[in-house]
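First comes the structure, then the notes that go with it.
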Amino acid sequence: MNKIDRREDVNPEEGQHQYGDVTFADPTNKKYPIDTPEHVRAAWSYINHKDNAAKYDADEVETIKDRIRRAAKKYDIEIKAD
């Protein structure tokens, strides 16, 4: 799995504070929590917005999407292909 670089426009402590000690699809920056079915659906929706995906390199986006797909499978959520 590819490493996700630290983003300058994000404070990881904010994600930790807002969501607590949960699993994130982007654990480096504490973005896209994937600890509940609702969060998995929201994470998939957000990472598929071009403006959100543009903040990452292509391989990082694919890593995030892979993590969200695995979480979706865990919660038996069907997500549409991007």
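Between the side chains of R67 and Y32, no donor-acceptor pair of N or O atoms lies under 3.5 Å. Side-chain contact check for K65 and N48: at least one donor-acceptor pair (N or O, by modelled atom type) lies under 3.5 Å.
Listed for the E60 side chain is a donor-acceptor partner under 3.5 Å among the backbone atoms of D57. Judged by distance alone, with hydrogens and angles left aside, the side-chain atoms of T28 form a donor-acceptor pair with the main-chain N or O of I4 at under 3.5 Å.
Exactly one of I68, I77, I79 qualifies for a side chain to side chain contact (heavy atoms under 4.5 Å, CB included) with R41. That residue is I77.
Smallest separation of non-hydrogen atoms from K80 and W44: O-NE1, 3.1 Å. Considering all non-hydrogen atoms of both residues, V40 and A71 come closest at CG2-CB, 3.7 Å. When every heavy atom of P12 is checked against every heavy atom of K30, the shortest pair comes out as O-CG, 3.2 Å.
Separation of atoms OH (Y75) and CZ (R70) is listed at 13.0 Å; rounding is to 0.5 Å. Note: D26 CG to I64 CD1 = 4.5 Å, rounded to the nearest 0.5 Å. With rounding to the nearest 0.5 angstrom, the CD atom of E8 is 11.0 Å from the CG atom of N11.
With sequence neighbours left out, D51 forms a salt bridge (Lys or Arg N to Asp or Glu O under 4.0 Å) with no residue at all. Checked against side chain to side chain contact (heavy atoms under 4.5 Å, CB included), D35 has the following partners two or more places apart in sequence or in another chain: V22, P33, H39. In terms of the salt bridge (Lys or Arg N to Asp or Glu O under 4.0 Å) criterion, residue partners of D5 (sequence neighbours excluded) are, by chain and number, K3.
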Original post:
So I34 and F24, side chain to side chain contact (heavy atoms under 4.5 Å, CB included) or not? Walk me through it.
Top reply: CA-CA 5 Å; I34 52 174; F24 292 90; 5.8 Å; no
Go through the steps to decide whether K55 and R7 satisfy the test side chain to side chain contact (heavy atoms under 4.5 Å, CB included), and finish with yes or no. CA-CA 8 Å; K55 297 175 183 177; R7 289 176 33 195; 3.2 Å; yes
Could you go step by step and tell me if K31 and Y46 meet the side chain to side chain contact (heavy atoms under 4.5 Å, CB included) rule?
CA-CA 10 Å; K31 301 290 284 177; Y46 284 118; over 6 Å; no
### side chain to side chain contact (heavy atoms under 4.5 Å, CB included) assessment of D66 paired with T63
CA-CA 5 Å; D66 285 344; T63 296; 5.6 Å; no
